[in-house]
Amino acid sequence: MKDIVKITADIISLDEIAKAVADPKAGAISTFSGTTRDNFEDKEVKTLAYEAYIPMAEKSIQSLITAARQKWDDLIHVAIVHKIGDCPVGETSVVIAVSSGHRVQGLEAVHWLIDELKVQVPIWKKEVYTNGGPDGTDGGEMWKANNTLP
Amino acid sequence: MTQQFKVLYFASAKDASKTDGDKFEWSDNINAEALTKLLLERHPDLAPILKISMFAINMEYMDQDHSWTVQPGDEVAIIPPVSGG
């Protein structure tokens with residue numbers, strides 16, 4: 001049983017991460033892929049950037065995986081990869097992939113893991129806007145906050 | 001040599017303090033209240049951010065009940081509301 005935890009500035013490939021959790025005993029590989037949106041309210045997002053407290057984020061993700069394994073005993077391999085640095089609109093910011101004997105527990109675990117990640121893991125997203133200012137040139141930027149409850 | 005502890009700033013806390021980390025002289029009984037005071041003396045712009053942030057010490061979130069104190073050599077982090085995912 002592998003736990004794969006990675007915070008990376010590289011482009012994230014859903015395909016590669018899904019393959020990394022493949023296993024002959026698995027009847028399902030469940031995945032979640034988060035991508036960056038191009039808008040916030042009426043503002044157009046030019047670029048996004050992620051920052052992390054890397055060692056704590058890794059530790060915190062590892063704790064989530066350990067907790068998930070206690071809740072769902074059918075999980076085989078679990079991978080969670082989060083991007084940091086610039087993340088252009090439409091690019092993948094996070095991937096969660098879980099292999100399991102049967103689909104139900106894998107799907108539930110993926111849903112739980114992304115909800116918990118968004119609440120607990122010390123990672124921050126900054127949005128830089130194109131059209132926030134009245135002159136349309138400098139939209140400013142803003143650190144985002146997730147809802148505290150999943 | 002005096003004992004110290006380290007403070008790390010992330011996201012909006014980094015923008016407000018204009019640094020990603022600095023060192024403070026350690027003394028007895030630095031609880032949440034005393035830590036907040038020390039941080040604001042050095043970085044007044046942190047005031048609105050500290051109101052909505054958590055403290056982590058050595059990569060563990062600290063309880064809100066303030067029953068902890070900073071120890072020499074600790075790594076304290078200011079954790080503004082997170083937005084991963």
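Quick note on labels: first sequence line is chain A, next is B, and so on, each numbered from 1.
- A/His102 and A/Asp74 get closest at one heavy-atom pair: N-OD2, 2.8 Å.
- Proximity to chain B (any heavy atom under 4.5 Å) is restricted, for A/Lys126, to the side chain, taken from C-beta onward.
- The NZ atom of A/Lys118 sits 13.5 Å away from atom CG of A/Leu113, with the distance rounded to the nearest 0.5 Å.
- The 12-atom threshold is exceeded at CD1 of B/Ile52, counting heavy atoms of other residues, nucleotides or ligands nearer than 6.0 Å.
- There is no side-chain donor-acceptor pair under 3.5 Å between A/Asn39 and A/Glu44.
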Worksheet item: Would A/Ile123 and A/Tyr53 count as a side-chain contact (heavy atoms from CB on, under 4.5 Å) if you check the C-alpha gap in whole Å, the side-chain angles of each, and the deciding distance to 0.1 Å?
Response: CA-CA 7 Å; A/Ile123 298 177; A/Tyr53 180 7; over 6 Å; no
Discussion item. side-chain contact (heavy atoms from CB on, under 4.5 Å) for A/Ile65 and A/Ile80? Distances and angles first, verdict last.
Written reply: CA-CA 9 Å; A/Ile65 295 176; A/Ile80 300 185; 3.9 Å; yes
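- Surrounding NZ of A/Lys2 are more than 12 heavy atoms belonging to other residues, nucleotides or ligands, all under 6.0 Å away.
- Under the rule for a side chain to side chain contact (heavy atoms under 4.5 Å, CB included), the partners of A/Thr47 that lie at least two apart in sequence or sit in another chain are A/Val128.
- Without hydrogens or angle criteria, A/Thr130 side chain to A/Val45 main chain gives no donor-acceptor distance under 3.5 Å.
- Between chain B and the options A/Glu51, A/Met142, A/Gln120, the largest number of non-hydrogen pairs under 4.5 Å is found for A/Glu51.
- In this structure, a donor-acceptor pair under 3.5 Å is present between the side chains of B/Thr69 and B/Gln71.
- For chain A, the nearby part of B/Leu8 is the side chain; its heavy atoms alone come within less than 4.5 Å.
- Contacts with chain A (heavy atom to heavy atom, under 4.5 Å) involve no residue of residues 20-29 of chain B.
- The distance between the ring centers of A/Tyr50 and A/Trp124 does not fall below 6.0 angstrom.
- The aromatic rings of A/Tyr129 and A/Phe40 lie parallel to each other, with less than 30° between the two planes, well short of the 60° mark.
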Item to complete: For the pair B/Leu35 and B/Trp68, evaluate side-chain contact (heavy atoms from CB on, under 4.5 Å) and give the outcome as yes or no after the intermediate values.
Response: CA-CA 11 Å; B/Leu35 179 60; B/Trp68 47 269; 4.1 Å; yes
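- For the set A/Gly34, A/Ala49, A/Ser93, A/Ala145, the entry with the most heavy-atom pairs within less than 4.5 Å of chain B is A/Ala145.
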Worksheet entry | side-chain contact (heavy atoms from CB on, under 4.5 Å) evaluation trace for A/Lys25 with A/Ile76 | CA-CA 8 Å; A/Lys25 291 188 178 58; A/Ile76 302 172; 4.0 Å; yes
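- Under the 4.5 Å side-chain contact rule for hydrophobic residues, A/Val98 and A/Ile114 share a cluster.
- Side chain of B/Ser67 to main chain of B/Asp63: no donor-acceptor pair is present (N/O by atom type, distance under 3.5 Å, no hydrogens or angles).
- The candidate with the highest count of non-hydrogen atom pairs below 4.5 Å against chain A, out of B/Ser12, B/Ala11, B/Ala56, is B/Ala11.
- For a residue to count as touching a neighbouring chain, one of its non-hydrogen atoms must lie under 4.5 Å from one of that chain's; by this rule A/Ala52 touches chain B with the backbone only.
- Scanning residues 75-85 of chain B against chain A with a 4.5 Å heavy-atom cutoff picks out B/Glu75, B/Ala77, B/Ile79, B/Pro80, B/Pro81, B/Val82, B/Ser83, B/Gly84, B/Gly85, ordered by number.
- Interface residues of residues 37-44 of chain B toward chain A, defined by a heavy-atom distance below 4.5 Å: none.
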